[in-house]
Every structure is written in C-alpha cells, then in structure tokens.
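Within every chain, numbering begins at 1; the chains are lettered A, B, ... in the order of the sequence lines, protein sequences first and strands thereafter.
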Protein chains: 2
Amino acid sequence: MTKTTALEGSTVEAPKELQTKERLLQAGMEIFAERGFADASIRQICSRAGANAAAVNYHFGDKQRFYAEVLATCHLRAWQRRPIPRLADFDEPGDALRAWLRWFLEMLTVDGAGPLGRLMAREMADPTTALDQLILRSMAPMMGTLYEIVAALMPHRDGEARNLCLQSVVGQCLFYRHAQPVFESLERLSQSGGLPPGAPLILQVEVDRLADHITQFSLAGLGVTAPEDGGSP
Amino acid sequence: MTKTTALEGSTVEAPKELQTKERLLQAGMEIFAERGFADASIRQICSRAGANAAAVNYHFGDKQRFYAEVLATCHLRAWQRRPIPRLADFDEPGDALRAWLRWFLEMLTVDGAGPLGRLMAREMADPTTALDQLILRSMAPMMGTLYEIVAALMPHRDGEARNLCLQSVVGQCLFYRHAQPVFESLERLSQSGGLPPGAPLILQVEVDRLADHITQFSLAGLGVTAPEDGGSP
DNA sequence: ACAAGATTAAAACATGTGTTTAAATCGTCC
DNA sequence: GGACGATTTAAACACATGTTTTAATCTTGT
C-alpha cells in the first residue's frame with residue numbers, strides 16, 4: 001500500500017526518507033498553525049524544513065493531502081502525549097470536570113502542548129475540506145468524554161439541556177484560544193497609552209487558575225453547587 | 001481633508017460617486033465576511049459591486065485602507081441599527097444581562113444583523129493591522145457595558161473575579177459564532193451517516209432560547225441565583 | 001457648447017503561488 | 001564496481017493577486 005519500498009530493513013536507526021518527511025511534518029505543523037492553510041506557502045514550509053520546494057509534492061502528493069497528514073499527526077501526538085481524562089477515572093464527577101477542563105485548556109492555549117489547539121481554532125474560523133476529518137478524529141471524542149461528565153453531573157435533565165450546558169463549558173474554554181490576539185493587542189495598546197481610561201483591562205491568567213474558575217462557574221451553572229464566595233485568599 | 005471636491009452641492013439625491021463607493025462597501029462587507037481579508041480578492045469584490053477592478057484602489061487607496069473603512073462602516077451601521085443595552089436602562093441587573101446577551105448573540109450569529117460578528121471573529125482568528133481599530137471602536141465598548149452589568153451583579157468581588165466571570169459570559173456567546181462551521185459539518189455528516197452512533201449530536205438553537213440558557217447558566221455561575229430546575233415545560 | 005475635473009475602463013506589470021518536469025545525486029544490492 | 005530505484009535539486013509553467021498606467025467617458029460649471 002505505502003511506497004516505502006526501499007530502506008526497509010536498514011540497520012540505520014533514522015533513515016533519510018523519514019528524516020525529511022518528518023521535518024516536513026514538523027515545519028508544516030508550525031507554519032500551518034501560525035498562518036493557516038491558505039496563507040502558509042509550501043515554499044516557506046520546505047524552507048524551514050531545509051528541503052527543496054518540490055519536497056511536499058513528492059512526499060505527500062499535493063498541499064491538501066499534506067495538510068490532512070499534518071492534522072492527523074498533530075492529533076496523534078497530542079493524544080499520546082497526554083490522554084484525555086475520562087469520567088471513569090475519578091470518584092467524583094466534579095473532579096473529572098476539573099481534570100477535563102485543565103486538559104482542554106492546556107491543549108488549546110499552551111504552546112508547548114502542540115499546535116492542535118491552534119489548528120482546530122483555524123479550521124473553525126475558516127474551514128477547509130479537512131474539517132470533517134478533524135471533527136471525527138479529534139473534536140467528537142473530546143466532546144463525547146465531556147458529555148459523559150456533564151450527564152453524570154446533571155442526571156435529571158434531558159439531552160438538550162445537557163448539550164446547552166456542555167456548550168457553555170466548552171465556550172468558556174475556547175474563549176481563551178480565540179481571544180489570544182485580542183489579549184496581545186490590548187497589551188500593546190495599553191503600553192502605548194492608547195486605551196481610554198474607563199476600559200476594563202482584560203488580563204491573561206495561568207491555566208490552573210482558569211481551570212479552577214471555569215470549574216466553579218460551571219458547577220454552579222449546572223446547578224451542582226452554589227459558587228464559593230472566596231477567590232482572593 | 002477629504003477628496004470630495006466635486007458633486008458637493010448637487011441637487012441629485014444619490015450622486016454616482018456615492019453610488020459605486022457605497023456598492024463597493026456593501027460588496028466588501030459581504031465578501032470580507034465570507035472569505036476573510038487575505039482570501040477576498042479585490043477583483044471579486046469589484047465584480048460583485050458591478051465596478052471595474054481598479055475601483056477600490058481609486059476610491060480607497062489600497063486594500064488595507066478599504067478593509068479598514070469596511071470595518072468602520074460595519075460597526076457604525078450595526079450600532080445605529082440597534083443600540084447596545086446598558087445597565088442604566090433596566091431596573092434589575094439580571095434583566096440587563098439578558099438583554100445584553102440577546103443583543104450580543106444576535107450580532108454574532110444572525111446574518112440579517114450585519115457582518116460585524118463574522119468580521120470580528122475573523123479578525124480574532126487571524127488578525128490584520130485593523131485589529132487595534134476594531135478593538136477600540138467595537139469590542140471595548142461592548143465589554144465595557146457588560147462589565148458594568150457584571151459588576152452590579154457581583155458587587156462584593158474584586159476586578160479579577162469580575163473579569164473572569166465576564167470572560168465566561170462572553171465565551172459562551174462566542175462559541176455559537178465560532179462553532180457554526182462545525183454545526184454545518186455535523187449536519188452534513190449526520191445526513192450521510194458518517195457519524196459514530198455514540199457521538200452526542202450538537203444542535204443549533206434559536207437566539208432567544210440561547211439567551212435564556214446563557215442568562216440562567218451565568219446568573220448561577222456568578223452566584224446570584226440557583227439555576228432553575230425547569231427547562232422542558 | 002465647451003473645457004476642466006472626476007470617474008470609469010482596459011490593459012499591463014511585478015510578484016507570489018501550487019505544481020510539474022527533467023536532470024542530477026544518493027544509497028543500496030547484485 | 002556498476003546499475004537501478006529512490007530522492008533531491010533547479011528550472012519552468014500556468015495562474016491569480018494587488019497595483020499602476022493610460023486612455024476613454026461622464027459630470028458639472030461657465
């Protein structure tokens with residue numbers, strides 16, 4: 001099926017073919033995440049990978065199939081780096097919710113966690129033909145595990161109420177991915193004194209504090225607990 | 001300052017100059033909203049406006065300044081079509097929150113309400129040089145009015161807690177703009193039977209139901225009320 | 001009616017894109 | 001060592017883009 005006819009049983013640990021293919025995938029993840037599918041140029045990707053401009057077309061066929069493979073690689077590595085927390089792993093559904101939120105927020109906003117979050121956001125902003133694949137492979141399982149947690153937290157409500165609450169939870173997280181450019185622009189504006197005095201300054205927070213806040217806010221919204229009054233210790 | 005040296009005191013109600021300039025702005029709003037700044041081509045915009053390919057450069061200088069003017073026009077028309085609900089207009093802060101949410105959701109997701117919501121989302125997904133302008137002119141006032149409402153609803157909390165809650169409220173709304181392509185793709189997938197049986201089907205809801213849900217969820221999250229148990233009548 | 005200026009129109013320019021082609025290079029096996 | 005296939009390289013192709021240019025057309029004031 002595949003075209004790996006040569007260098008199959010070689011004694012060398014890292015064959016050259018996988019070398020540049022791997023470098024292309026790495027560069028593709030970076031640049032597709034930075035610039036999006038349309039704005040990322042094959043020449044730029046090949047340049048960062050230290051390969052010729054025709055390397056992508058040789059190894060992957062065309063830009064679209066290369067992009068699809070980049071998405072698949074992203075998904076695979078993100079999920080094997082840290083598996084998604086499931087309801088069955090916890091005694092209390094509230095703990096499962098907090099763990100899920102921490103996992104989701106990290107994937108979305110922490111750069112070191114891989115570019116899957118950025119690529120998902122880009123695919124939502126302007127979809128390509130690879131959106132269906134991304135939904136089936138990445139998004140649906142994430143939402144499925146969260147739905148189990150939400151269902152355990154509100155067992156007496158019907159599916160539509162659960163879906164609305166699930167979306168309220170997910171929306172709070174997605175905000176911190178989509179608003180990142182706004183944060184940066186606000187920081188820039190506030191340094192140059194271009195902000196009106198009355199405007200409330202929105203600030204970035206660490207993932208742990210975010211997960212704690214969204215957990216409390218959502219548990220209250222779901223009707224599980226009354227929100228704690230604390231916050232400033 | 002401006003270059004309107006001719007046709008100034010004409011008796012004609014709709015001078016030709018404003019005709020094509022207005023048509024260009026209209027087509028620009030549509031196509032920039034559909035395809036984003038980079039992917040929208042000047043030729044396509046001029047074609048939809050029934051103008052020559054050089055019309056944009058003649059009337060606005062270049063693509064960037066044209067885009068900035070489109071954003072400004074969008075903002076102006078969206079806000080004069082329906083003013084933003086303010087805290088002072090309501091007796092109860094909860095009513096103000098519900099009205100604000102309804103206004104924000106409509107701007108974000110209802111096509112007839114103008115393309116400002118789409119353009120804001122696009123500018124967040126991959127920013128251009130016009131993001132600062134959009135923040136100062138459109139986003140900051142929206143968030144300012146919401147902050148007043150949130151502050152009235154949680155008078156005993158500090159600014160950081162209020163900001164976190166504000167972002168939780170905004171995130172729930174933004175979800176329904178950013179997830180729209182996912183909704184459409186899910187609908188397509190479910191019709192072709194490509195969805196696994198266990199996957200929870202996320203459905204679109206009307207703006208009024210959304211506003212009600214987010215109001216209840218958020219009031220509970222803010223610690224104002226315990227969420228009602230009802231939902232299915 | 002005429003002339004001046006604003007507006008349109010068509011064509012060309014420079015540039016960047018994805019992709020293909022053809023030759024050169026490399027690695028491996030007989 | 002030499003030959004064969006996989007890989008890399010450089011060049012070219014076809015096309016789309018934003019912008020500029022030049023001439024034509026329209027509008028208006030006198």
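For Y58(A), the listed nucleotide lying nearest its side chain is dA6(D); candidates were dA6(D), dA9(C), dT9(D). Taking every side-chain heavy atom of K63(A) into account, dT19(C) is the closest of dA10(D), dT19(C), dA9(C). Closest approach to the I42(A) side chain among dT20(D), dA10(D), dT19(C) is made by dT19(C) (side chain taken as heavy atoms from C-beta onward). Minimum atom distance to the side chain of N57(B) is reached by dT20(D), of the listed dT20(D), dT7(D), dT9(D).
Remark: R82(A) CZ is loosely packed, at most 12 non-hydrogen atoms of other residues, nucleotides or ligands lying under 6.0 Å away.
Summarising the geometry, the separation between CZ on F60(B) and P on dG18(D) is reported as 15 Å, rounded to the nearest angstrom. Per the geometry, CG belonging to N52(B) stands 6 Å off P belonging to dA9(C), to the nearest Å. Atom OH in Y67(B) sits about 18 Å away from atom P in dT17(D), given to the nearest Å. D62(B) has its CG atom 17 Å from the P atom of dT17(D), to the nearest Å. Atom pair Q64(A):CD and dG18(C):P shows a separation of 12 Å (rounding to whole Å applied). To the nearest angstrom, P of dG18(C) lies 12 Å from CG of D39(B).
Under the rule for a side chain to side chain contact (heavy atoms under 4.5 Å, CB included), the partners of S41(B) that lie at least two apart in sequence or sit in another chain are R43(B), Q44(B).
For the pair S41(A) and dG16(C), the criterion of a side-chain N or O lying under 4.0 Å from OP1 or OP2 is not met. The phosphate of dT7(D) has neither OP1 nor OP2 within less than 4.0 Å of any side-chain N or O from T20(A). Between H59(B) and dT8(C) there is a side-chain N or O to OP1 or OP2 distance below 4.0 Å.
Residue-level contact check: A40(A) touches the backbone only, with heavy atoms under 4.0 Å from sugar-phosphate atoms and none from bases. Within the nucleic acid shown, A55(B) has no heavy atom closer than 4.0 Å to any nucleic acid atom.
For dG16(C), its base never sits under 3.5 Å from the side chain of R43(A) at any donor and acceptor pair.
Positionally, the nearest nucleotide of DNA chain D for A53(A) lies more toward the 5' end than for the other of Q44(B) and A53(A).
Ring centroid separation for the pair F66(A) and F32(A) comes in under the 6.0 Å cut-off.
Between R188(A) and D132(B) a salt bridge is recorded (basic side-chain N to carboxylate O distance below 4.0 Å).
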Show me the donor-acceptor pairs within less than 3.5 Å that the side chains of residues 134-144 of chain A make with the rest of the protein, sequence neighbours left out.
from, atom 1, to, atom 2, distance (Å)
R137(A), NH2, Q133(A), OE1, 2.8
S138(A), OG, H75(A), ND1, 2.7

